[in-house]
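Structure record follows, encoded as structure tokens.
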Amino acid sequence: MADPMSAVTDAFTSFLFGKVETTRLPVRTSTGQAQAVYLPTAAPGLGDSGVIIGREVYSGKGYIYDPFQLYGQQLPAPHWLVLGESGNGKSALEKTYVLRQLRFRDRQVVVLDAQGEDGVGEWNLIAQELGITPIRLDPMAALDGGIRLNPLDPAITTTGQLALLRTIIEVAMGHGLDERSGFALKVAHAYVNETIVDRQPVLTDIVEQLRHPEADSAAAMNVDIDDVRAWGLDVALVLDRLVDGDLRGMFDGPTTAGIDLDSPLIVFDLSHIDRNSIAMPILMAIVGVWLEHTWIRPDRKKRIFLVEEAWHIINSPFVAQLFQRLLKFGRRLGLSFVAVVHHLSDVVDGAAAREAAAILKMASTRTIYAQKADEARATGRVLGLPRWAVEIIPTLSPGIAVWDVNGNVQVVKHLITEAERPLVYTDRAMTEDGLAVQMAAEAEAEERAAAAVEAETYGGPSYGSTVA
């Protein structure tokens with residue numbers, strides 16, 4: 001029984017102030033119904049200015065990313081690293097990202113396309129759609145009037161030419177040049193640039209001068225002419241490979257006229273080069289330095305340099321050093337470097353671990369697609385990912401990736417439009433019927449993705465259910 005004094009007090013209070021408290025009967029309900037009361041929350045996005053990537057898995061809201069918009073505010077550097085096993089959506093992401101960036105008038109993109117099939121690179125369809133002819137670097141085609149890039153192009157500074165020559169030689173030899181060999185190369189390069197003025201100097205001129213050095217060059221250092229010749233012999237043999245060996249035709253002549261550096265998209269088709277040969281890192285070095293001196297200009301344009309199979313850069317100490325300079329230099333002129341790598345262990349445990357760490361540090365944006373558990377843990381340690389992100393990486397379905405934008409970590413589903421789909425899925429073995437099956441499968445996956453988002457938000461994790 002209630003206390004009489006309390007009852008009198010409550011009655012007096014109600015008389016003065018009105019009834020201030022009501023008694024409610026308890027309500028029994030399910031968690032599914034209670035979700036309307038306790039609304040889900042999600043991490044803040046990256047803003048609403050830039051390129052649409054897809055949607056954030058947990059909240060379902062659109063995910064927008066643009067390094068040029070975020071630079072200086074949320075990003076200390078505009079460079080981007082994309083990781084993941086084959087077949088999980090890296091290629092689709094890169095292609096749609098480039099197509100969407102090109103809708104802005106002040107964007108230019110260069111792609112080093114190291115993969116392909118049916119004799120062309122995988123970016124060939126996109127180039128055709130945009131009315132662009134890829135720059136196909138092919139030793140066999142070069143002999144029949146194909147594309148050439150000259151490491152001694154006058155558009156490259158004298159210092160840049162010498163640095164490029166050293167890099168080519170060091171990559172091919174697998175070690176740095178000693179002082180004597182470096183001296184022989186320097187005097188040969190100086191002599192060629194001083195004496196050949198009626199045409200572009202070419203590598204043949206350097207090789208010839210290394211074999212037959214000038215007496216004045218030896219006298220200047222008070223050394224014997226035979227010593228200078230001996231010092232330059234190994235250098236001459238390495239460069240001769242570009243002139244008369246398996247890489248002949250691509251770099252042993254004047255730069256091919258008509259390469260349009262003002263085109264919104266420039267595709268270097270490297271699919272005819274053996275990706276596992278020494279030719280690939282040499283090619284990466286030449287193209288990178290050539291672009292540094294001919295393509296990157298202070299004209300207020302925003303440039304994207306996308307490199308497939310980028311471990312050829314990051315895993316070579318000499319090429320990596322060149323690209324470190326390019327990244328630092330390009331940041332002042334609006335350059336975003338996009339490196340696509342299958343496995344981080346390919347580079348962090350390689351010969352260029354220190355250089356790889358420096359390049360990875362410059363990449364403030366990291367996108368990680370599905371990896372095996374061991375690889376995911378190693379990636380998480382190197383990149384400093386939170387534990388929850390590392391745990392879900394092995395369970396991610398194709399098209400779903402963990403995005404780390406300078407510490408803002410979210411799980412994002414990449415979305416592809418119907419107009420982009422034929423350009424993105426470039427498997428020549430897929431027939432029209434096969435494409436229809438693929439589209440139907442993706443439509444079904446969309447339904448499962450929606451259900452998965454609801455389950456993740458209200459009923460616990462279900463990461464593997466969402467498929468692009």
Side-chain angles (χ1 to χ4, degrees), residues 46 49-54 63-72 74-83 90-115 121-127 129-130 132 134-135 259-270 284 287-310 313-314 322-341 359-360 362-367 401 403 405-406 414 420 423-424:
L46 302 175
S49 181
V51 172
I52 296 175
I53 300 298
Y63 191 82
I64 298 174
Y65 170 78
D66 192 301
F68 304 112
Q69 297 291 332
L70 298 173
Y71 177 65
Q74 300 184 52
L75 280 182
H79 308 306
W80 179 15
L81 175 69
V82 183
L83 291 167
K90 297 192 308 295
S91 179
L93 173 66
E94 300 154 24
K95 291 172 183 173
T96 56
Y97 175 74
V98 167
L99 286 170
R100 295 168 191 179
Q101 281 282 5
L102 289 177
R103 291 182 173 273
F104 297 96
R105 294 181 182 178
D106 63 341
R107 302 291 198 264
Q108 275 192 308
V109 181
V110 162
V111 176
L112 300 193
D113 183 4
Q115 304 189 69
E122 66 171 319
W123 285 76
N124 191 63
L125 280 179
I126 290 178
E129 181 71 14
L130 299 179
I132 293 165
I135 301 170
I259 295 177
D260 184 8
L261 294 177
D262 293 320
S263 172
L265 175 64
I266 304 170
V267 177
F268 285 89
D269 184 347
L270 315 181
M284 294 281 188
V287 172
V289 173
W290 189 77
L291 288 172
E292 176 187 356
H293 292 272
T294 60
W295 178 59
I296 300 176
R297 304 188 291 271
D299 55 5
R300 301 174 90 59
K301 285 194 175 182
K302 306 296 188 296
R303 290 179 167 86
I304 300 168
F305 187 14
L306 190 151
V307 182
E308 301 267 13
E309 300 289 339
I313 291 173
I314 303 176
L322 275 178
F323 271 76
Q324 282 181 54
R325 188 186 72 244
L326 174 62
L327 268 58
K328 292 177 182 178
F329 173 75
R331 190 162 56 181
R332 299 195 304 270
L333 296 177
L335 174 69
S336 173
F337 176 64
V338 183
V340 183
V341 181
I359 289 181
L360 293 175
M362 294 182 188
S364 299
T365 301
R366 289 82 69 89
T367 300
W403 282 67
V405 182
N406 196 33
H414 174 220
E420 294 168 333
L423 302 176
V424 166

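Everything numeric here is computed off the predicted structure, so don't read it as measured data.
- Summarising the geometry of Thr367 relative to Ala401, their closest heavy-atom pair is CG2-CB, 3.7 Å, with the distance given to 0.1 Å.
- In this structure, Phe68 and Ser336 approach most closely via the heavy-atom pair CZ-CB, 3.7 Å.
- Counting only heavy atoms from C-beta outward, the side chains of Gln108 and Trp295 approach each other to under 4.5 Å.
- The two residues Leu335 and His79 come nearest to each other via the heavy atoms O-CE1, 3.2 Å.
- Side-chain contact check for Arg366 versus Leu83: every heavy-atom pair is 4.5 Å or farther apart.
- Partners of Glu129 by side chain to side chain contact (heavy atoms under 4.5 Å, CB included), not counting sequence neighbours, listed by chain and number: Leu423.
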Worksheet item: Should Phe337 and Leu326 be marked as a side-chain contact (heavy atoms from CB on, under 4.5 Å) after you check the CA-CA gap, both sets of side-chain angles, and the distance that decides it?
Response: CA-CA 9 Å; Phe337 176 64; Leu326 174 62; 5.8 Å; no
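- Side-chain contact between Gln74 and Asn406: absent, with no pair of heavy atoms (C-beta onward) separated by less than 4.5 Å.
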Item to complete: List the steps, then state whether side-chain contact (heavy atoms from CB on, under 4.5 Å) holds for Thr294 with Ile259.
Response: CA-CA 11 Å; Thr294 60; Ile259 295 177; over 6 Å; no
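- Residues passing the side-chain hydrogen bond (donor to acceptor under 3.5 Å, both in side chains) test with Thr96 are His414, sequence neighbours excluded.
- Heavy atoms from other residues, nucleotides or ligands lying under 6.0 Å from CD1 of Ile52 number 12 at most.
- For the ring-ring contact (aromatic ring centres under 6.0 Å, His included) test, residues two or more places apart in sequence or in another chain that qualify with Tyr97 are Trp80.
- Considering only heavy atoms from C-beta on, Ile126 stays 4.5 Å or farther from Val267 through its side chain.
- With sequence neighbours left out, the side chain to side chain contact (heavy atoms under 4.5 Å, CB included) criterion links Leu333 to Ile296, Pro298, Phe329.
- The shortest heavy-atom contact between Pro78 and Pro67 is O-CB, 3.5 Å.
- By the side chain to side chain contact (heavy atoms under 4.5 Å, CB included) test, Tyr63 pairs with Leu46, Ile53, Tyr65, Trp403, Val405, Gln410, Val412, sequence neighbours left out.
- Remark: Arg107 pairs with Asp66, Gln101 by the side-chain hydrogen bond (donor to acceptor under 3.5 Å, both in side chains) rule, at least two apart or across chains.
- With sequence neighbours excluded, no residue forms a side-chain hydrogen bond (donor to acceptor under 3.5 Å, both in side chains) with Asp106.
- Judged as a salt bridge (Lys or Arg N to Asp or Glu O under 4.0 Å), and not counting sequence neighbours, Asp113 has no contacts.
- The side chain to side chain contact (heavy atoms under 4.5 Å, CB included) search around Glu308 returns Glu94, Ala114, Gln115, Glu122, Trp123, Leu306, Val340, not counting sequence neighbours.
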Worksheet entry | Worked verdict on Asp269 versus Asn124 for side-chain contact (heavy atoms from CB on, under 4.5 Å) | CA-CA 8 Å; Asp269 184 347; Asn124 191 63; 5.5 Å; no
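- The minimum heavy-atom distance linking Ile266 with Ser263 is given by the pair CG1-O, 4.1 Å.
- In this structure, the side chain of Gln324 does not engage the main chain of Ile359 through any donor-acceptor pair within 3.5 Å.
- Under a 4.0 Å N-O distance rule, the pair Asp262/Arg297 qualifies as a salt bridge.
- Under the salt bridge (Lys or Arg N to Asp or Glu O under 4.0 Å) criterion, Glu292 pairs with Arg325, sequence neighbours left out.
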